[in-house]
Undergrad: 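Okay, handing you the structure first.
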Amino acid sequence: MNQVRVRFAPSPTGFLHIGGVRTALFNWLFARQQQGVFILRIEDTDQSRSTDESIQAIIDGMNWVGLDWGEGPFRQTERMDLYRSHAMKLFETGHAYWCVCKAEALEARRKEAEAKGLSPRYDGRCRNLGITDPPGDAALRFKAPQEGQTVIDDLIKGKIVFDNTVLDDVIILRSNGYPTYNFSVVVDDALMGITHVVRGDDHLTNTPRQIPIFEALGFAVPRFGHLPMILGADKTRLSKRHGATSIMAYKDMGYLPDAMVNYLVRLGWSHGDQELFSRQELINKFSWDHVQKSAAVFNPDKLLWMNAEYIKTSPPRQVAQALVPFLEQAGLKKEIVAVSDEWLAQLVVLVKERAKTLVEMVDWVRPYFGQTVTFDEEAVKKFLTPAIVPVLSKLGTRFQNFSVFSKAEWENSFKQLVVEENMKMGQLAQPVRVALTGRTASPGLFEVMEVLGRDRTLFRLQKGLERASMG
RNA sequence: GUCCCCAUCGUCUAGCCUGGCCUAGGACAUUGCCCUUUCAAGGCAGUAACACGGGUUCAAAUCCCGUUGGGGACACCA
């Protein structure tokens, strides 16, 4: 068996779509598993829609989710000679012919056919003209087979049969000399030695158009696999109106790349009841047999849950590192410089059970930077009242007597005071919480103190006391 | 319109190929309870699906046919 060679071939006409990422992911997984090669190819033959920024967006997106390629990125616009020479080869061997129909005329005829309820196909009127000396604006068409069948043994959908009578003669070279998709894709897949063409479902009906071109050119026909589409909640193709579709938008919303990958792979693929997979597990367990045949609805709720899982279980230092840009963006640049990586990781541990995204985490983590705290006025009004001043003061004095912070000792001391004062835990805990964090909701009090450290805990307790005295 | 693909809880899916173990399993979401210093997290429990109609068979979610529904393709876009 030859080495597996697969590719991801996006067209650079915008941001990198999550559907594209999923297609790339399946290819990448298969290549890794089979110790094959994953190739990145940019299909930019549409001059009017392709942009360099989009190419960069694809590369950035792929890098972010960690899908690396062994060859490429290739750009089709750098391979024009290849398409032209192969097109001419088809012409010379009688597999292609010049068409002098004007684009507008074609369009008109198509509309007419549609109006009559006929198939809007090219009628083949130039097929037998035998033009050998074409005018400058002629296009080259491929002579599609008109009888027989084209059979695909799809990796995902199984055997699919197309009658060749549904085929028409596609243009392979435009009048401007540029190849069309259905042609350049065949030349590239053949020349790059692609063994498995795995792409979106929307390409399924392109496949019987492409197979005869492989054959006419004398190339081996690769295996094909067609991945089902991703739909929005209303079961139509996923688009902007369903929410964010750009992979980088999810980065900006505070999703972890591993969570994204895990969610996307489970959208259409399964391994029994398992939901969470490490990358290595994915590589080991991936199989075309368990790729779903039907389209899947993108479920942001489940993605969010999965992100929360990854925030909870990823190495804290790794999460902390991913969090830094978000903190900087939130105006905490100076604060971060003043703080160690270890402490930041500790902070992540403190709040990781509460934040489902890095964006939420920024908010959870904010109170632990700086000397003082920003009070939530509602919280102050409710808990930092003059009535609490005496107990708070006693607590401060007791804590003061400890020369270092010790979670167990401080907690004991706190609970003892609660008992002595004949209070309920919450009656003291909430005011202290507000004093330390400025808010009514936070992680466990003593974990908070640990992260704050002895001195800052005492300082904030004192400030809270002053605030409570004000009434 | 023509051609192609698809069809299990609201959603992602297991089971289907190799019929009986399915009283249809898991996950997200949702509801209730428990835990609890707050908010979470966690634990337990609940609601909830084989699109429909015919066959084949002792037996069908599973095999066959049809219907319906959804999606895709039919460009000098990719």
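Just the heavy atoms: all of them, side chains too, but no hydrogens, waters or symmetry mates, feed the values below. In what follows, chains carry the letters A, B, and so on, assigned in the order in which the sequence lines appear, proteins first and then strands, with residues in each chain numbered from 1. A quick note: this is a predicted structure, and the numbers were derived from the prediction, not measured.
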Undergrad: What's the gap between B:U8 and B:C50 when it is taken at their C1' atoms, as a whole Å value?
TA: 4 Å
Undergrad: Are A:Asp137 and A:Lys102 within salt-bridge range, i.e. N to O under 4.0 Å?
TA: yes
Undergrad: Please, which pairs that meet ring pair (Phe, Tyr, Trp, His ring centres under 6.0 Å) have at least one residue in residues 414-438 of chain A, sequence neighbours excluded?
TA: A:Phe414-A:Phe446
Undergrad: Hey, does the side-chain of A:Gln274 have a donor or acceptor N/O within less than 3.5 Å of a partner on the base of B:G26?
TA: no
Undergrad: Under a 4.0 Å N-O cut-off, is there an ion pair linking A:Glu421 with A:Lys394?
TA: yes
Undergrad: Strictly by salt bridge (Lys or Arg N to Asp or Glu O under 4.0 Å), give each pair with a member in residues 52-62 of chain A just once, sequence neighbours left out.
TA: A:Asp52-A:Arg75
Undergrad: Touch check for A:Thr45, heavy atoms < 4.0 angstrom, all strands: base, sugar-phosphate only, or nothing?
TA: sugar-phosphate
Undergrad: Suppose you measure atom P in B:C58 against the same atom in B:G1; what distance do you get, rounded to whole Å?
TA: 42 Å
Undergrad: Nearest whole Å is fine: how far is B:U8 C1' from A:Asp273 CG?
TA: 14 Å
Undergrad: Could you please name the partner base of B:A73, counting Watson-Crick and G-U wobble pairs only when both distances are under 3.5 Å?
TA: B:U2
Undergrad: As a quick check of understanding, evaluate side chain to side chain donor-acceptor pair (under 3.5 Å) for A:Gln274 and A:Glu281, giving each step before the final call.
TA: CA-CA 11 Å; A:Gln274 191 171 350; A:Glu281 265 182 304; 2.9 Å; yes
Undergrad: Distances for protein N/O vs nucleotides 20-24 of chain B N/O pairs under 3.5 angstrom?
TA:
none

Undergrad: Base, sugar-phosphate, or nothing: which does A:Phe162 touch, judged by heavy atoms less than 4.0 Å apart?
TA: sugar-phosphate
Undergrad: For every nucleotide of nucleotides 36-41 of chain B, 5' to 3': is a protein heavy atom under 4.0 Å from its base (B), only from its sugar-phosphate (S), or from neither (-)?
TA: -BBBBS
Undergrad: Which pairs count as salt bridge (Lys or Arg N to Asp or Glu O under 4.0 Å) when at least one residue sits in residues 140-156 of chain A, sequence neighbours excluded?
TA: A:Asp153-A:Arg223
Undergrad: Which residues pass the side-chain hydrogen bond (donor to acceptor under 3.5 Å, both in side chains) test with A:Arg366, sequence neighbours left out?
TA: none
Undergrad: At 4.0 Å (heavy atoms only), tell me whether A:Asn299 reaches a base, stays on the sugar-phosphate, or touches nothing.
TA: base
Undergrad: B:A7 phosphate, OP1 or OP2: any side-chain N/O from A:Gln292 under 4.0 angstrom?
TA: no
Undergrad: Using the P atom as the point on both nucleotides, what is the distance between B:A49 and B:C44, in whole Å?
TA: 23 Å
Undergrad: Could you check which nucleotide pairs with B:G19 in any of the strands shown, counting Watson-Crick or G-U wobble with both distances under 3.5 Å?
TA: none
Undergrad: How do A:Gly268 and A:Asp163 order along RNA chain B: which one's closest nucleotide is nearer the 5' end?
TA: A:Asp163
Undergrad: Please give the nucleotide sitting opposite B:A49 as a Watson-Crick or G-U wobble pair, both distances under 3.5 Å, or none.
TA: none
Undergrad: Between B:G70 and B:C9, how far is it from one P atom to the other, in whole Å?
TA: 16 Å
Undergrad: Specify whether A:Phe402 and A:Phe399 have parallel, tilted or perpendicular ring planes, treating 30° as the upper limit for parallel and 60° as the lower limit for perpendicular.
TA: tilted
Undergrad: Who is the Watson-Crick or G-U wobble partner of B:C63, with both distances under 3.5 Å?
TA: B:G55
Undergrad: Considering every strand and a 4.0 Å limit on heavy-atom distances, what is the contact class for A:His290: base, sugar-phosphate, or nothing?
TA: sugar-phosphate
Undergrad: Could you tell me how far apart A:Asn164 (CG) and B:C4 (P) are, to the nearest whole angstrom?
TA: 12 Å
Undergrad: Which base, if any, makes a Watson-Crick or G-U wobble pair with B:A24, both distances under 3.5 Å?
TA: none
Undergrad: Considering only residues two or more places apart or on different chains, which pairs with a residue in residues 374-384 of chain A satisfy side chain to side chain donor-acceptor pair (under 3.5 Å)?
TA: A:Glu377-A:Arg467
Undergrad: Give me the distance, rounded to whole Å, that separates B:G42 from B:U36 when you measure between the C1' atoms they each carry.
TA: 11 Å
Undergrad: How many whole angstroms separate atom CG of A:Asn262 from atom P of B:C12?
TA: 17 Å
Undergrad: Using whole Å, report how far CD of A:Gln149 lies from C1' of B:C4.
TA: 13 Å
Undergrad: Have a look at A:Glu43 and say if it touches a base, only the backbone sugar-phosphate, or nothing, with a 4.0 Å heavy-atom cut-off.
TA: sugar-phosphate
Undergrad: Which residue pairs satisfy the side chain to side chain donor-acceptor pair (under 3.5 Å) criterion with at least one member in residues 290-302 of chain A, sequence neighbours excluded?
TA: A:Glu275-A:Lys302
Undergrad: Reading nucleotides 45-51 of chain B from the 5' end, what letters show protein touch, with B for base, S for backbone sugar-phosphate only, - for no heavy atom under 4.0 Å?
TA: -------
Undergrad: Taking atom P in both B:C28 and B:U23, compute the distance separating them and give it to the nearest angstrom.
TA: 26 Å
Undergrad: Over 60° means perpendicular and under 30° means parallel, so tell me whether A:Phe224 and A:Phe214 are parallel, tilted or perpendicular.
TA: perpendicular
Undergrad: Determine the Euclidean distance between corresponding P atoms of B:A51 and B:C17; express it in Å to zero decimal places.
TA: 16 Å
Undergrad: Determine the interatomic distance between P on B:A60 and the same-named atom on B:G55; round to the nearest Å.
TA: 12 Å
Undergrad: Taking atom types as modelled and ignoring hydrogens, do the side chains of A:Asp234 and A:Thr236 form a donor-acceptor contact shorter than 3.5 angstrom?
TA: yes
Undergrad: Would you call the rings of A:Phe298 and A:Tyr263 parallel, tilted or perpendicular, taking 30° and 60° as the class edges?
TA: perpendicular
Undergrad: Side chain of A:Ser294 only, please: which of B:G26, B:C28, B:C6 is the nearest?
TA: B:C6
Undergrad: Rounded to the Å, how far apart are A:Lys352 NZ and B:G42 P?
TA: 12 Å
Undergrad: Nearest nucleotide by nearest heavy atom, which residue falls closer to the 5' end of RNA chain B, A:Trp305 or A:Gln47?
TA: A:Trp305
Undergrad: Rounded to the nearest Å, what distance is computed from the CZ atom of residue A:Phe298 to the P atom of nucleotide B:A29?
TA: 15 Å
Undergrad: Surrounding NZ of A:Lys285 (heavy atoms of other residues, nucleotides or ligands, distance under 6.0 Å), is the total greater than 12?
TA: yes
Undergrad: Is there any side chain to side chain donor-acceptor pair (under 3.5 Å) pair reaching into residues 429-444 of chain A, and which pairs are they, with sequence neighbours excluded?
TA: A:Gln430-A:Arg433, A:Arg433-A:Ser442
Undergrad: What is the base-pairing partner of B:C44, counting Watson-Crick and G-U wobble geometry with both distances under 3.5 Å?
TA: B:G32
Undergrad: I need the full list of ring pair (Phe, Tyr, Trp, His ring centres under 6.0 Å) pairs touching residues 138-188 of chain A, with sequence neighbours left out, sorted by first then second residue.
TA: A:Tyr181-A:His203
Undergrad: Taking CD1 from A:Ile160 and C1' from B:C5, how many angstroms apart are they, rounded to a whole number?
TA: 7 Å
Undergrad: Could you give the CZ-to-P distance, from A:Arg22 to B:C12, as a whole number of Å?
TA: 11 Å
Undergrad: Can you tell me the Watson-Crick or wobble partner of B:A7, both distances under 3.5 angstrom?
TA: B:U68
Undergrad: Give a yes or no on whether the backbone of A:Gln146 and the side-chain of A:Asn164 come within a donor-acceptor separation of less than 3.5 Å.
TA: no
Undergrad: Indicate for each nucleotide in nucleotides 60-76 of chain B, in 5' to 3' sequence, whether protein heavy atoms under 4.0 Å reach the base (B), only the sugar-phosphate (S), or nothing (-).
TA: -----------SBSBSB
